[in-house]
Amino acid sequence: MNCTEELLQQCQMLIQRAQSVCVLTGAGVSKASGIPTFRDKDGLWNSMRPEELASMDGFLRNPELVWEWYTSRKLVLTKVNPNAAHEALVRLENSNKDFVLITQNVDGLHARAGNKRILELHGNIERSFCVECHIFYNDVFFDKIKRILPKCIACGGRVRPDVVWFGEMLPQDVLDQAINAAQRCDIFLSIGTSALVYPAAELPYYVSRSDATLIEINPERTSLSGSVDYYLQGHAEVILPRLCPDR
Ligand code: OAD
């Protein structure tokens, strides 16, 4: 099924009528802001090695390299802005529904756009913590984005980004809230994610109300596409403003 005008109108009406909306976003939502995805042709994991840059083993082997890579990603964030997809999701939250936005993105763009009910499954690139004593820091504390690996002010330990790396567990309380939101919603939107990384990828399968509608927005089909009620083929920054218009 392609993204026809008729499908868009049906989905817009369903969203308007919904009492409880749960949204899951992935890297595709931030692409129009200028942030690369992970698994597209020009995605980060096509030119970089996740086991070196996004694992605790990689960090312990070469913390400077990992820190430098996250610093360069943070510098990109200082130059970009939320796009029309982020803005449409703010309108959706402000439309007086039970609303939860679950994101795999660590870029903080949903918060910058103005969403409030955000569950960050994979952490946030602007926070860090000491691997020894687990004190948390944010970039404001470090005053400016540091290229040199900082030392913990409390114990001198190495400080790492507060993002979930390969082989690590998601924060359980955040995951529990995400599952709960999926179970109670009457609309679940999966947007801009390849639906390959678990446990995020299984959240749509927690949708359990018999009257619930599952909608996917993605220019490419994913492993989820065959299980949704509406697959809207296209870019989030184009389709979302149609589903959640500014009026
Ligand atoms: P991926 O890079 O795996 O998938 C991005 C998806 O976005 C693809 O399915 C694209 O087709 C789609 N896409 C591209 N442009 C789009 C657009 N303009 N609008 C809508 N969709 C678009 O990214 P994620 O699914 O987010 O984990 O990846 C999940 C996790 O894998 C990430 O959170 C990250 C990564 O390893 C960690 O860092 C822990």
Side-chain angles (χ1 to χ4, degrees), residues 2-3 8 11 23-59 66 69-70 72-74 76-77 80 82-89 101-110 113 118-128 160-171 174-175 178 189-204 215-228 230-244:
N2 220 323
C3 183
L8 280 174
C11 290
V23 179
L24 171 67
T25 63
V29 166
S30 294
K31 195 167 180 186
S33 293
I35 301 175
T37 63
F38 295 93
R39 296 177 184 80
D40 285 322
K41 273 199 270 335
D42 52 354
L44 294 173
W45 294 156
N46 281 320
S47 56
M48 318 216 167
R49 292 162 61 89
E51 60 276 25
E52 269 178 16
L53 298 168
S55 77
M56 192 59 184
D57 282 350
F59 179 74
V66 173
W69 185 62
Y70 279 91
S72 64
R73 288 177 62 192
K74 286 196 255 187
V76 170
L77 284 178
V80 304
N83 64 59
H86 297 102
E87 285 160 11
L89 291 173
L101 172 49
I102 307 163
T103 189
Q104 298 165 84
N105 299 344
V106 298
D107 56 29
L109 286 182
H110 287 304
I118 305 171
L119 298 175
E120 291 179 324
L121 284 182
H122 292 166
N124 189 306
I125 200 171
E126 287 170 344
R127 282 192 311 264
S128 311
R160 59 162 275 185
D162 183 22
V163 297
V164 175
W165 280 335
F166 286 96
E168 294 182 333
M169 305 286 282
L170 269 58
V174 179
L175 182 58
L189 287 148
S190 175
I191 312 169
T193 175
S194 57
L196 288 172
V197 174
Y198 286 78
E202 68 194 7
L203 285 170
I215 300 173
E216 182 182 42
I217 303 172
N218 199 311
E220 309 287 339
R221 289 185 73 84
T222 70
S223 60
L224 179 67
S225 308
S227 310
V228 299
Y230 294 90
Y231 168 58
L232 303 181
Q233 184 164 37
H235 294 113
E237 66 278 12
V238 176
I239 293 183
L240 272 173
R242 297 289 313 278
L243 299 182
C244 317

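Note that ligands are numbered from 1 as they come in the structure, with each ligand's atoms numbered from 1 the same way.
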Got a sec, which residues hit side chain to side chain donor-acceptor pair (under 3.5 Å) with R242, two or more places apart in sequence or on another chain? E5
Set of residues that line ligand 1, where lining means a heavy atom lies under 4.0 Å from it: G26, A27, G28, K31, T37, F38, R39, D40, W45, Q104, H122, V164, F166, G192, T193, S194, V197, N218, P219, E220, H235, A236, E237
Quick one: closest heavy-atom pair of C3 and I239, and the distance? SG-CD1, 3.8 Å
Partners of E168 by side chain to side chain donor-acceptor pair (under 3.5 Å), sequence neighbours excluded? R160
Test: E120 and R127 ion pair at under 4.0 Å: yes
Run the salt-bridge test on D107 and R73 with the 4.0 Å N-O cut-off and return the result as yes or no. no
Sequence neighbours excluded, the answer for side chain to side chain donor-acceptor pair (under 3.5 Å) partners of W69 is none
